[in-house]
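All remarks here apply to the structure that follows.
Keep in mind it's a predicted model, so treat the numbers as computed, not measured.
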Amino acid sequence: MRRILLFVALCIAGFASAEERKLLSMEDAILNRNLIPQNYEIRFSKDNPAIYEHANGKEIEQYDIRTGKLLSSKPILIGMPNPFRNKASIKENNVVWHDADGKVYKVTDFADKNIVCGQAVSRHEFGIDGGLFPSPDNSLVAFYQKDESKVTTFPLLDITSRTGSLVEIKYPMNGMASERVSVGVYNTATQKVVYLNVTDFDEERYITNLSWSPDSKTIYVQVLNRAQKEMHLNAYDALSGEFIATILTEQNDRWVEPQNPIRFIDNDRFIYTTDNRDGYKNLYIHSLSKGTTERLTKVYADVEYIAHNDKSVFYYSAEVSPIERHLFSVSLRNGKVRRLTRGEGWHNCTISPDGKYFSDNYSSLNIPRIVAVGSTDGKIYREVFHAENPSKGYNYSTIELGSVKSACGKYDNHYRLIKPLDFDENKKYPVILYVYGGPHSQMVTNSFQAQLRRWEMYMAQRGYVVFVMDNRGTLNQGAEYEKAIHRQCGKVEMEDQMAGLQWLLSHKWADRERVGVHGWSYGGFMTISLMTHYPEVFKVGVAGGPVIDWKWYEVMYGERYMETEATNPEGFAATSLIAQAKNLKGKLLICQGAIDDVVVWQHSLSFIDACIDNGVAVDYFPYPRSQHNVRGKWRVHLMQKVTDYFEDYLR
């Protein structure tokens, strides 16, 4: 009834100007791709880097970067080239090789499904997104091979069959047996495989970030011990697999997390990325002949490699602001640094093959998208496309960007804040804290609408204050900021979120008696953590796919941040939400994909069991055929469920 009255009131208020009062529907908020700014993709010509190409749907248009003049257009032709010539591919759990004549050779031939070849390992951690690595001359192919025979399985319930069935997945839980990874190298001339002779640490080591030397003779890998506190960058002979040398090492009492392969400048020098030497993720130049490693990007901000040529290295940097990303170049000859992007905001760039030009696709809070092309000497910068605001015609509330000091007082935590439509500072409004807060994330950037999730605007249009803030443990503010969570996930994150919330609640228009919290995955963990540690603050919460106890989470991610119960019993005890269930006072809804293979069902069901044991009321809603992220129409149903929960108990 309350929702019907709200809709009627809004319709009456906007009767004279219906277009200005158009609100988001749930389908708009969750599914409508038309609310994403129009893209304008360009690429550099293979024949002439001074020309950029744009496909308009029917033709490929070519433009001169220097003048902006249209040079030519040609129809788009759709061909059917054979993608599998002189190339390795995956067949089930094995690798095969397709030669130039289309003949197929077995590279591996394991009948045991516990042996998986040519695919990503370590559950896609450490920057790993594939398992096949051809050499520069294409004569050799390196591949990952993992042995999961000692990894325990977890059963997922498939309800689609007549009687139901269990699907067993391999899930290496914290502190238990993990996969064993090796690297094979297939010689296309001899059809033989050799394996790298990796002997560092024990058999449950991680082998990451595989790179080839320019001459295809040497393979470089970063070998990390299972505790993730020591890494060796090793070189191996590609033909024999034999160890050559350890090039450099990294050690850290919290963790070492290699995520970037080395990139060779020439046969002697390569670019290396680490956050373990100067407090920020920076680029370094290592010389094999000299055995020296020198810092290339001498900036106290996190950077990210993009490309290089023989004169310069191109990279993103957060030095302008942690919520902005800009393109820079640094000279390999004299170290001179040049900022190449101009407008404020979050930039996505591509460098031309010769390194003389770049494309720039960017947005900021109120700019949906601008696409530009420029020269890397800074002399040319030409805007070629401006997207229209896709939210035009919808009555959006203003999105505010700002920052609040972290609980420790050392950092600025950035937020986005959305106030209700027709905001009146003399009224009091219910507050929803939307939270994620986990590693490798950044919820707030100076990009279009500050990375708004449209459900936030949906709720603001219905009378809620919505607040989203990044905390310590997230990206783009250096190693100390990111590693503050070590051994006790949730602690400093909660402290920072509460510091931000207390700032928000200091305003008279924020109702202290009506505060809700919502998040998914790590955000689900944070939601329940906040509700059980601060029961006097949070009246309502909705947690999706929550981690409940880190002993049930995977080895690779969980042991990096929490170590194991054997080495960190106090941390596991302090962060487990099983023991906190008795403290729950507010209304809590937990939603979970029943076939979640990331945060397995054991987490949320165990919390429900603890609530029952403690006589604590809690609401639960599973999605029987959903994995970790509930998608499509199921997601519309989910977010309506979330909305109704806040409408029923927080309004």
Side-chain angles (χ1 to χ4, degrees), residues 124-130 208-211 222 231 233 250 252 255-265 269-286 293-309 311-332 335-353 355 357-364 372 374 376 414 438-447 451 470 473-483 560:
H124 296 267
E125 294 290 330
F126 316 111
I128 297 171
D129 59 6
T208 73
N209 296 293
L210 190 148
S211 312
Q222 295 171 45
M231 186 278 292
L233 172 60
E250 299 282 358
N252 192 288
W255 68 76
V256 176
E257 186 183 7
Q259 292 183 288
N260 304 95
I262 63 174
R263 278 96 172 183
F264 275 90
I265 299 168
R269 297 176 300 162
F270 62 77
I271 302 165
Y272 173 66
T273 305
T274 182
D275 70 351
N276 195 46
R277 300 196 172 206
D278 294 286
Y280 291 87
K281 186 179 294 182
N282 267 231
L283 306 182
Y284 298 78
I285 299 292
H286 182 88
T293 305
E294 297 182 0
R295 188 174 179 182
L296 178 65
T297 52
K298 300 175 182 179
V299 59
Y300 295 101
D302 288 336
V303 310
E304 179 185 351
Y305 167 91
I306 302 177
H308 74 273
N309 58 17
K311 295 180 179 179
S312 300
V313 175
F314 304 95
Y315 60 94
Y316 293 128
S317 175
E319 63 196 75
V320 175
S321 167
I323 63 171
E324 294 195 18
R325 184 168 75 173
H326 288 275
L327 175 66
F328 288 77
S329 69
V330 57
S331 170
L332 288 168
K336 181 179 178 180
V337 174
R338 175 181 284 122
R339 174 176 162 179
L340 298 173
T341 49
R342 301 187 180 182
E344 72 170 35
W346 194 267
H347 295 257
N348 295 286
C349 302
T350 302
I351 311 300
S352 67
Y357 302 96
F358 69 98
S359 66
D360 182 13
N361 187 327
Y362 74 98
S363 69
S364 58
T376 55
H414 294 269
H440 295 170
S441 71
Q442 188 173 5
M443 300 282 286
V444 182
T445 61
N446 186 9
S447 55
Q451 290 199 105
D470 289 315
T474 59
L475 290 176
N476 256 1
Q477 295 212 52
E480 287 299 318
Y481 186 87
E482 191 171 350
K483 294 181 179 182
R560 179 185 313 131

[X] to [Y] - nearest heavy-atom pair and separation:
X    : Y    : value
S211 : P261 : OG-CB, 3.3 Å
Y305 : Y315 : CA-CB, 4.3 Å
C349 : I306 : O-CG2, 4.4 Å

Check: [X] side chain, [Y] main-chain N or O, donor-acceptor pair, under 3.5 Å:
X    : Y    : answer
T376 : G355 : yes
E319 : A301 : no
K483 : W255 : yes
S364 : G345 : no

Atom [atom1] of [X] and atom [atom2] of [Y]: how far apart are they, to the nearest 0.5 Å?
X    : Y    : atom1 : atom2 : result
E125 : Q259 : CD    : CD    : 8.5 Å
D275 : E480 : CG    : CD    : 10.0 Å
E482 : L475 : CD    : CG    : 5.5 Å
N209 : M231 : CG    : CE    : 8.5 Å
L283 : E294 : CG    : CD    : 14.0 Å
R339 : S329 : CZ    : OG    : 12.5 Å

field: Identified side-chain contact (heavy atoms from CB on, under 4.5 Å) counterpart of D302 within the set Y481, Y280, Y316
entry: Y280

Could you check if a side-chain atom of [X] sits within less than 4.5 angstrom of a side-chain atom of [Y], using non-hydrogen atoms only?
X    : Y    : value
P258 : N260 : no
L296 : Y284 : no
R560 : F126 : yes
K281 : T274 : no
H414 : P322 : yes
N446 : E344 : yes
L340 : F314 : yes
I285 : I271 : yes

Partners meeting side-chain hydrogen bond (donor to acceptor under 3.5 Å, both in side chains) with S441 (sequence neighbours left out): none

message: Under the rule for side-chain hydrogen bond (donor to acceptor under 3.5 Å, both in side chains), what residues qualify as partners of R277, not counting sequence neighbours?
response: E250

query: Between H286 and F270, is a ring-ring contact (aromatic ring centres under 6.0 Å, His included) present by the stated rule, with each step listed?
result: CA-CA 6 Å; H286 182 88; F270 62 77; 5.1 Å; yes

Whether the [X] and [Y] side chains hold a donor-acceptor pair (N or O, under 3.5 Å, no angle test) is what I'd like checked.
X    : Y    : answer
R325 : N476 : no
N276 : N252 : yes
S317 : H326 : no
D360 : H347 : yes
D470 : Q442 : no

query: Would R295 count as a cation-pi partner of Y272, with NZ or CZ less than 6.0 Å from the six-membered ring centre and within 45° of the ring normal?
result: no

